[in-house]
Trainee: 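Sharing a structure here in structure tokens format.
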Number of protein chains: 2
Amino acid sequence: MDAANVTTRADRKRIADLLETHGIHPTAQRSRIAEVLFAREQHLTAEQVILLLGKDGIRVSKATVYNTLNLFAGKGLLKALSIDRERSMFDSNTQPHHHFHIEGTGELIDVPPGAIEFARLPALPPGTEPVGVEVVIRVRRRS
Amino acid sequence: MDAANVTTRADRKRIADLLETHGIHPTAQRSRIAEVLFAREQHLTAEQVILLLGKDGIRVSKATVYNTLNLFAGKGLLKALSIDRERSMFDSNTQPHHHFHIEGTGELIDVPPGAIEFARLPALPPGTEPVGVEVVIRVRRRS
DNA sequence: TTCCTTGCAAAACTTTTGCATTAAA
DNA sequence: TTTAATGCAAAAGTTTTGCAAGGAA
């Protein structure tokens, strides 16, 4: 096993606490999924989560992975992104931030905090209230 | 038929010209789809295009609608948007512009031109070149 | 004829759901 | 023992594709 993926007992405790403080009962599967997600700040599809679990020799059903990702997103532990038409991504960084989107591969890269500032923003449509502002800077790899 | 949807001979000519200047052979189906799309600036799903055609008594197969929308988008006549996780939208306004996204309904509203300005933008990731910047202002209807 | 386009049905995906089984409090 | 979570398979939704048929040049 890759040393980078070793999970210590302390890590497990921290993961369980994280789930519980968000009102999520830390079952085995949920904890394994959380370990993969929160190992670092990253953007993952459900499929990638299943693959990463597989690399650690853990099998969780597709239904449970989807249910868990949606549960985590609903509890504010994850942010669901709609940036790429062909894949739904889950962002383990829930702080408000923006993204570079690489055309073709669909890869996402975080824009560093504070690197985008607005000089001007529009009034909201009547009868609406703000939820958030998301900037996607679309780029392509230089050939 | 709704007078707003009447297509004059002059309109048809304009549509045919539009397609041809973009290297698209203006077949009957493609022209009918273009008439619906370019009647106004709007954001439509493939399904909505089929419904609008149906209101005018025109039936085009789902496969052809998808193929045509992708063809138009590839030729720069339409812009495919990835803003809402549950539906792919096509924007008949290809000018660079930003959107309000209404949570729940998925409705999109254009941000008026010039209403967003940046005071600061980040350097691009090494080895990449810019494609565009898209801002989505997520809002919800006030209850 | 020859080339393109269309439409249908089927396939390919992604995501959700129903339900029986299992695990946990 | 009672509730909640899991996994499987099936369903549902969207988009793409293979292929036969149709239409235009």
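Predicted model, so just to flag it, every value in this text is computed and none were measured. Below, chain A is the first sequence line, B the second, and so on; all start at residue 1.
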Trainee: Only pairs at least two apart or in different chains count here, so list each side-chain hydrogen bond (donor to acceptor under 3.5 Å, both in side chains) that has a residue in residues 103-116 of chain B.
Mentor: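 Listed once each, the pairs are B:H43-B:D110, B:H97-B:D110, B:H99-B:D110, B:E107-B:R141.
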Trainee: Please identify the 5'-most and 3'-most nucleotides of DNA chain D with any atom under 4.0 angstrom from a heavy atom of chain B.
Mentor: D:dT14 to D:dT17
Trainee: I need the NZ-P distance between A:K62 and C:dT15, as an integer number of Å.
Mentor: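 Atom NZ in A:K62 sits about 10 Å away from atom P in C:dT15.
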Trainee: Can B:V135 be reached from A:V111 by stepping across I, L, V, M, F, W or Y side chains whose heavy atoms are under 4.5 Å apart?
Mentor: yes
Trainee: Could you tell me whether the side chain of A:Q42 and the main chain of A:V36 form a donor-acceptor pair under 3.5 Å?
Mentor: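 At least one qualifying donor-acceptor pair exists.
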Trainee: Look at A:T45 and C:dT14 and indicate whether a side-chain polar atom (N or O) is within less than 4.0 Å of OP1 or OP2.
Mentor: no
Trainee: Starting from P on C:dT14, measure out to CD on A:E47 and report it in whole angstrom.
Mentor: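 So the CD-P distance, A:E47 to C:dT14, works out to 6 Å.
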Trainee: Does the distance from a Lys or Arg side-chain N to an Asp or Glu carboxylate O, for A:E129 and B:R140, drop under 4.0 Å?
Mentor: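 Yes.
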Trainee: Polar atom pairs between nucleotides 19-25 of chain C and protein, under 3.5 Å, N or O only, would you list them?
Mentor:
none

Trainee: Using side-chain heavy atoms (C-beta onward) and a distance below 4.5 Å, is A:D84 in contact with A:R87?
Mentor: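 When only atoms from C-beta onward are counted, A:R87 and A:D84 do touch, with a gap below 4.5 Å.
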Trainee: Check DNA chain D against residues 63-75 of chain A and give the residues with a non-hydrogen atom under 4.0 Å, in numerical order.
Mentor: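 Result for residues 63-75 of chain A: A:A63, A:T64, sorted by number.
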Trainee: Is B:F90 reachable from B:I58 through a run of hydrophobic residues whose side-chain heavy atoms are each under 4.5 Å from the next?
Mentor: yes
Trainee: Quick one: does any side-chain atom of B:D91 pair with a main-chain N or O of B:N93 as donor and acceptor, under 3.5 Å?
Mentor: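 Confirmed, B:D91 side chain pairs with B:N93 backbone.
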Trainee: Under a 4.0 Å threshold between the charged nitrogen and the carboxylate oxygen, would B:E35 count as salt-bridged to B:R30?
Mentor: no
Trainee: How far does CZ of A:F72 sit from CG of A:L19, to the nearest 0.5 angstrom?
Mentor: 4.5 Å
Trainee: Pick base, sugar-phosphate or nothing for B:R30, based on heavy-atom distances below 4.0 Å to the nucleic acid.
Mentor: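 If one applies the 4.0 Å heavy-atom cut-off, B:R30 turns out to touch the sugar-phosphate alone, with no base involved.
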Trainee: Do any pairs count as a side-chain hydrogen bond (donor to acceptor under 3.5 Å, both in side chains) and have a residue in residues 64-76 of chain B, sequence neighbours left out, and if so which ones?
Mentor: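 Passing the test, one end in residues 64-76 of chain B: B:S61-B:T64.
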Trainee: With no hydrogens and no angle check, is any side-chain donor or acceptor of A:S92 less than 3.5 Å from a backbone partner on A:L78?
Mentor: no
Trainee: Might you list the N or O atoms of the protein lying below 3.5 Å from N or O atoms in nucleotides 1-3 of chain C, with each pair's distance?
Mentor:
none

Trainee: Using a cut-off of 4.0 Å on non-hydrogen atoms, how would the nucleic acid contact of A:S88 be classed: base, sugar-phosphate, or nothing?
Mentor: sugar-phosphate
Trainee: Check this for me, if you would: do B:R14 and B:D17 make a salt bridge, where the nitrogen-to-carboxylate-oxygen distance has to be below 4.0 angstrom?
Mentor: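 Judged by the 4.0 Å cut-off on N to carboxylate O distance, B:R14 and B:D17 do not form a salt bridge.
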Trainee: Following the transitive rule for hydrophobic clusters with a side-chain heavy-atom cut-off under 4.5 Å over Ile, Leu, Val, Met, Phe, Trp and Tyr, establish whether A:L44 and A:L51 coincide in one cluster.
Mentor: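 No: no chain of side-chain contacts under 4.5 Å links A:L44 to A:L51.
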Trainee: Between atom CG in B:L19 and atom C1' in C:dC4, what is the gap in whole Å?
Mentor: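 B:L19 atom CG is separated from C:dC4 atom C1' by 15 Å.
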Trainee: Just how far, in rounded Å, is P of C:dT15 from CG of A:D84?
Mentor: 11 Å
